[in-house]
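Reading through the C-alpha cells given below for one structure.
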2 protein chains.
Amino acid sequence: MNDDGQTPPNVTLEEIARAAGVSPSTVSRILNGSARVLPAKQKAVEQAIAHFNYRPNVLARSLASGKTDTIGVLTQTVSSPFYAEWLRGIEDGLYEPGFTPLFVSSRWNVKDEMSRMEQFIARRVDGIILLHAQIDEASLIEYSRHAPLLVLGRSVQNSSVLASLPIDNLQGARDATRHLIDEGHRKIAFIAGPRDHEDAIERLDGYRMALEEAGVGFDPELVEQGDYLETGGLAAMERLFVRGVSFSAVFCANDQTAYGARLTLFRRGLRVPEDISLVGFDDLPTSSYMTPPLTTVRQPTYEIGRLAAQGIVKMIRKQSIELSPIPLKLVTRETTQRIGPSPTPSTTPAPKRSKARRQQ
Amino acid sequence: MNDDGQTPPNVTLEEIARAAGVSPSTVSRILNGSARVLPAKQKAVEQAIAHFNYRPNVLARSLASGKTDTIGVLTQTVSSPFYAEWLRGIEDGLYEPGFTPLFVSSRWNVKDEMSRMEQFIARRVDGIILLHAQIDEASLIEYSRHAPLLVLGRSVQNSSVLASLPIDNLQGARDATRHLIDEGHRKIAFIAGPRDHEDAIERLDGYRMALEEAGVGFDPELVEQGDYLETGGLAAMERLFVRGVSFSAVFCANDQTAYGARLTLFRRGLRVPEDISLVGFDDLPTSSYMTPPLTTVRQPTYEIGRLAAQGIVKMIRKQSIELSPIPLKLVTRETTQRIGPSPTPSTTPAPKRSKARRQQ
DNA sequence: TTGTACGCGTTATCAC
DNA sequence: GTGATAACGCGTACAA
C-alpha cells in the first residue's frame with residue numbers, strides 16, 4: 001500500500017488539515033463555506049489544497065451528507081437522435097444548479113427499466129427523470145418513495161414526489177393530418193409506430209380523428225405498421241405499393257420512419273412532393289436537411305429537457321412545480337404540396353419554400 | 001427524522017443482519033459471495049433482504065472497497081449522432097463486466113474537458129474513456145495517475161495506465177478522394193472541418209495526399225472551411241458557388257457537412273450525382289437514407305465503443321492490452337458517379353445501386 | 001463458518 | 001471561530 005509511483009496519490013481532507021495546521025472540521029467548513037473562518041487559516045488551507053492538488057472524495061461526502069447531487073436519467077437508448085436532444089437539454093439544465101445526470105439506457109425493455117431504477121436507488125440519486133418509461137404506475141409510486149420522479153411523455157397521478165410532463169401527440173398528429181387535408185389530399189396513408197408505444201397510439205388516433213372530423217373517413221387499408229426506425233418506414237412504404245392501394249400523401253409516425261419511406265419513394269422514382277406528399281413527426285435536427293426538407297411536427301425536445309431538469313431540482317428542494325402539457329407545432333417545409341382541383345384557379349402552384357431552419 | 005411516510009425507508013445492511021439473526025459481516029459475505037455460509041443463514045438473510053426490499057448502498061460500498069465500478073466517459077456532446085453510436089457501444093461493452101458509464105459532455109471546450117476530468121477523479125471512477133479529447137498530453141499523464149485512461153481518436157505515448165486507439169482518418173480521406181479520382185473527377189472540392197480538430201486536419205491531409213499522388217495537384221481554391229455541422233456545409237457549398245470555382249465533385253469532412261452541402265445543391269437545382277458527386281465521412285446511421293444514399297467513409301463507431309469498453313476494463317484489471325489503429329472503409333453508395341470521357345466507350349453509365357444498408 | 005472491530009473520507013453536532 | 005467526536009453504510013482483517 002506504499003507509494004510505488006503508480007498508486008493514486010489521493011490526498012484526504014485530514015492530510016490537508018494537518019498540513020495547514022488546522023482541524024479537519026475547519027477544512028470542511030472552508031470547502032463548503034458553511035461558516036466563517038479566520039482569513040489566515042482560510043489562506044493556509046487553500047494553499048495546502050492547491051499544493052497537494054486535493055479533490056474531495058465525492059463518495060465520502062455523499063455518504064455523510066445524505067445527498068449525491070446526482071440525477072438518474074432513464075432513457076430508452078442513448079443512440080437515438082431523438083433522445084439525444086432531450087439528454088442535452090437535461091444535462092444543460094442540470095449544470096447550473098450543480099447536479100450531475102446519470103444517463104442509462106433501458107432499450108425499450110420494461111425489465112431493464114426496472115433494474116435501472118433499482119440501480120439508481122442503490123446509488124442514492126437525489127432524483128430521477130424517466131423518458132417514455134413503460135413501468136406501471138404502482139411501481140412508479142413505490143420508487144418515488146426513495147427519490148422524486150419526473151416522468152416525461154406520459155401522464156400519471158401526480159404528487160409532491162411524482163410529476164409528469166405529458167406531450168400532446170394526439171393534437172400534433174391531428175394538426176399534421178389536417179394540414180394534408182387542407183392541401184386537398186384525401187387518400188392519406190399512415191405508417192404507424194410500435195403497437196405498444198403510448199405515443200405511437202396517440203399519433204394514430206390523431207390521424208384518425210382529423211380524418212373523421214373532416215368527413216374523409218378512416219380507412220384501415222391506408223395504415224401500415226412501422227417501428228419508429230428507418231427500416232420499418234422503408235418496408236412499410238414498400239408494402240403500401242405492393243398492396244396496390246392508392247394515395248397522394250403519407251404521414252409517418254416519426255421522422256426516422258419518414259426517412260425510410262422517402263428512400264422507397266426515391267427507389268421507385270416517385271418525386272416528393274410532386275407525386276407524393278410526405279409528413280413526419282418529431283423534427284429531428286437533420287429533418288430540415290432532408291431532400292427536400294421535411295414537413296413535420298416539431299417537438300421542442302431540448303427545451304423539454306431543460307424544463308424537466310429544472311422541475312426535478314425543484315422537487316428535490318421540495319418546492320411545488322406545475323407542468324403544463326407540451327403542445328406540438330407543425331413545421332411546414334417542402335415535402336407537402338397542394339393537390340387536385342385547386343380551389344383557386346392557379347395553374348401550377350409553385351412549390352413553397354420555407355427558409356432552411358438552423359440546427360443549433 | 002422519524003418515518004413520516006415520506007422519508008425514504010432505506011434499509012441498511014445492519015438491519016438485515018439483525019432481522020436475520022446474524023452478524024453484518026455474514027450479510028456482506030452473502031451479498032458478495034466472498035465466503036461460504038450455512039444454508040440456513042443464507043436463506044434467512046435472503047428472506048430478510050426480500051422482505052425489506054434491501055438495496056446495498058453503492059456509495060458506502062465504494063468508500064469501503066475503494067472501487068466504484070464506474071467508468072467516466074468524456075464526450076464532446078451527447079447530442080451528436082456521431083457520438084451517440086460510440087456511447088451505445090461503450091455502454092453495451094461495459095454492461096457485461098458490470099461497470100456503469102458516467103457520460104458527460106465537454107462541448108468541444110478544453111477547459112470544460114479538464115473540469116470534467118476533475119469531477120471524474122473526485123467521483124473516484126475506476127477508469128476513464130475520452131472521445132476526441134484535446135487535453136494536452138502532459139495533463140493526460142497526470143490524470144492517468146488516478147485512474148487508467150483510454151483515449152479514442154488520438155495517438156499518445158502509451159503506458160500501462162494510458163492507452164490510445166487512433167483512427168486512421170488520413171487513410172480514409174485518401175481512399176475517398178482516390179475513389180473520386182478513379183471515377184474520372186479532377187476538380188474535387190473539399191469542405192473542411194474545424195481548423196483545430198486533429199482529425200479534421202488529417203482528413204484534409206488525406207485529401208491532399210491523394211490528389212498529389214494522382215498527379216492532379218492540390219488547389220487551395222477548391223477548399224472551403226466548414227465546422228462539421230450541417231449549417232457549415234450549407235454555407236461552405238454556397239461560397240464555393242459564389243466564388244465561381246468549377247468542380248465536378250465535393251468531398252465533405254464529415255456526413256453532417258455533406259447533408260448541408262447537399263441541401264445547397266438541391267436549392268440550386270443541381271442533381272446528385274448527375275451534376276455533382278458528393279462524398280461524406282463517418283457513415284452516420286441516417287446517411288444510407290439520404291436522397292440519394294450517401295457515399296461515405298465508414299467509421300465503425302459502435303464497434304470501437306465496445307472495444308474501448310473492453311480495453312478500459314482490462315486496464316483496470318491490470319491486464320495488458322494492445323490496440324491497433326482502426327482502419328476506415330469507403331462505402332460506395334449513390335452520390336458518386338463516373339464523369340467525363342469514359343475510358344470504356346459506354347454511352348450513359350447507369351447509376352450504381354448498392355443495397356440499402358441496415359441501420360443497427 | 002462466523003462475529004468483532006476498525007477503517008474508508010466526509011459532514012454534522014456538539015461543546016469550548 | 002474552532003476542534004473533538006460521532007455518525008454515514010459497508011468491506012475486511014483478525015480472532016474465535
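Letters A, B, ... mirror the listed sequences (proteins, then strands); counts begin at 1.
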Next on the checklist: ring pair (Phe, Tyr, Trp, His ring centres under 6.0 Å) for A/Tyr83 and A/His132? Distances and angles first, verdict last.
Outcome noted: CA-CA 10 Å; A/Tyr83 286 107; A/His132 285 156; 5.7 Å; yes

Next on the checklist: Walk me through whether B/Val156 and B/Leu149 qualify under side chain to side chain contact (heavy atoms under 4.5 Å, CB included).
Outcome noted: CA-CA 11 Å; B/Val156 300; B/Leu149 255 50; over 6 Å; no

Item to check | Audit row: A/Ile49, A/Leu31, side chain to side chain contact (heavy atoms under 4.5 Å, CB included) steps and yes/no | outcome: CA-CA 10 Å; A/Ile49 288 178; A/Leu31 251 35; 3.5 Å; yes

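Looking at heavy-atom distances under 4.0 Å, B/Thr12 makes contact with sugar-phosphate atoms alone, never a base. Nucleic acid contact for B/Leu13: sugar-phosphate only, since backbone atoms but no base atoms lie under 4.0 Å from a heavy atom of the residue.
The pair A/Glu85-A/Arg88 meets the salt-bridge criterion, with a side-chain N (NZ, NE, NH1 or NH2) lying under 4.0 Å from an Asp/Glu carboxylate O.
Taking atom CG on A/Leu59 and atom C1' on D/dG9, their separation rounds to 12 Å, with Å as the unit. For B/Ile30 and D/dG11, the CD1 to P distance is 12 Å, given to the nearest whole Å. Look at CD on A/Glu14: it is 9 Å from P on C/dT10, rounded to the nearest Å. One can place CG of B/Asn57 at 14 Å from C1' of C/dG9, the figure rounded to the nearest angstrom. The distance from atom CZ of A/Arg29 to atom C1' of D/dA4 is 11 Å, rounded to the nearest whole Å. Taking atom CZ of B/Arg123 as the reference point, atom P of C/dG9 lies 17 Å away to the nearest angstrom. Spacing between atom CZ of B/Arg18 and atom P of C/dG3 amounts to 14 Å, rounded to whole angstrom units. Computed from coordinates, the B/Glu15 CD to D/dC10 P distance equals 9 Å when rounded to whole Å.
Checking the phosphate oxygens (OP1, OP2) of D/dG11, a side-chain nitrogen or oxygen of B/Asn32 falls inside 4.0 Å. Taking side-chain N and O atoms only, B/Tyr54 has no distance below 4.0 Å to OP1 or OP2 of D/dG9. Here B/Thr26 reaches the OP1 or OP2 of C/dG3: one of its side-chain N or O atoms lies under 4.0 Å away. Between A/Lys41 and D/dG3 there is a side-chain N or O to OP1 or OP2 distance below 4.0 Å.
Within 6.0 Å of the CD atom in A/Gln319, the count of heavy atoms belonging to other residues, nucleotides or ligands exceeds 12. A/Glu14 CD: 12 or fewer foreign heavy atoms inside a 6.0 Å radius.
For the helix from C/dT1-D/dA16 to C/dC16-D/dG1, the end axes, each set by the C1' atoms of five terminal pairs, are bent relative to each other by 40° (nearest 10°).
Under 3.5 Å, the side chain of A/Arg124 and the base of D/dG9 form no donor-acceptor pair of N or O atoms. Side-chain N/O atoms of A/Ser65 and base N/O atoms of C/dA12 include no donor-acceptor pair closer than 3.5 Å.
The residue among B/Val37 and B/Ala60 whose nearest nucleotide of DNA chain C lies closer to the 5′ end is B/Val37. Residue order along DNA chain C, read from the 5' end via each residue's closest nucleotide, puts B/Ser23 first among A/Pro56 and B/Ser23.
Seen from the ring of B/Tyr95, A/Arg107 counts as a face-on cation partner, given the 6.0 Å and 45° thresholds.
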